[in-house]
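All values reported here derive from a predicted model rather than from experimental measurement. Below, each value reflects all heavy atoms present in this structure, side chains not excepted, and no hydrogens, waters or symmetry copies.
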Amino acid sequence: MGAATCSSIGQFERECGAITTWLVERGVRPGSRLLDAGCGTGRYVAELGRRRYVVHGIDASPDPIREARRSLGEDLHTVSVTVETFSPP
């Protein structure tokens, strides 16, 4: 893995750590359900899920959702929907 890739991964993990801290400071603790609107390939869904949040991802485009399902498998709570067809789980 190249230095740029490692640097990007470290930055992403720090960013998710900051998001987690922000959530906890507001009373949103691990185990809470979150919605990642515009989740794309599920990067935040996966990382926040790893941090024990139950994250549901939605995206209007089916292609990134397919990629997320391929890379994350059964651990992924995503659906491909448009804003007009979304109904919360």
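- Using modelled atom types, one side-chain atom of S71 and one backbone atom of E67 make a donor-acceptor pair closer than 3.5 Å.
- For the pair A68 and G40, the tightest heavy-atom approach, listed with the atom from each and the gap, is CB-O, 4.3 Å.
- Within the model, atoms CZ of R66 and OG of S61 stand 7.5 Å from one another, a figure rounded to the nearest 0.5 Å.
- Residues R29 and V24 have side chains in contact (heavy-atom distance under 4.5 Å, counting atoms from C-beta outward).
- Two residues are said to be in side-chain contact when any heavy atoms from C-beta on lie closer than 4.5 Å; L48 and I19 meet this criterion.
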*Step by step, would you call Y44 with F12 a ring-ring contact (aromatic ring centres under 6.0 Å, His included)?*
CA-CA 9 Å; Y44 288 99; F12 177 71; 5.1 Å; yes

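- Heavy-atom minimum distance, V28 versus Y53: O-OH, 2.8 Å.
- Annotation for E13 and R51: closest pair O-NH2, 3.2 Å, computed over non-hydrogen atoms.
- A pairwise comparison of heavy atoms in A60 and P62 identifies O-CD, 3.7 Å as the closest pair.
- With hydrogens and angles disregarded, no donor-acceptor distance shorter than 3.5 Å links the side chain of R52 to the backbone of P30.
- Taken from CG in L34 to NE2 in H56, the straight-line distance is 9.0 Å, to the nearest 0.5 Å.
- Note that SG of C16 and CZ of R50 are 8.5 Å apart. Values are rounded to the nearest 0.5 Å.
- Remark: R43 does not engage E47 in a salt bridge, criterion side-chain N to carboxylate O under 4.0 Å.
- Using a distance-only test at 3.5 Å, with no hydrogens or angles considered, a donor-acceptor pair links the side chain of R14 to the main chain of G10.
- The CG atom of D59 sits 9.0 Å away from the OG1 atom of T41 when rounded to the nearest 0.5 Å.
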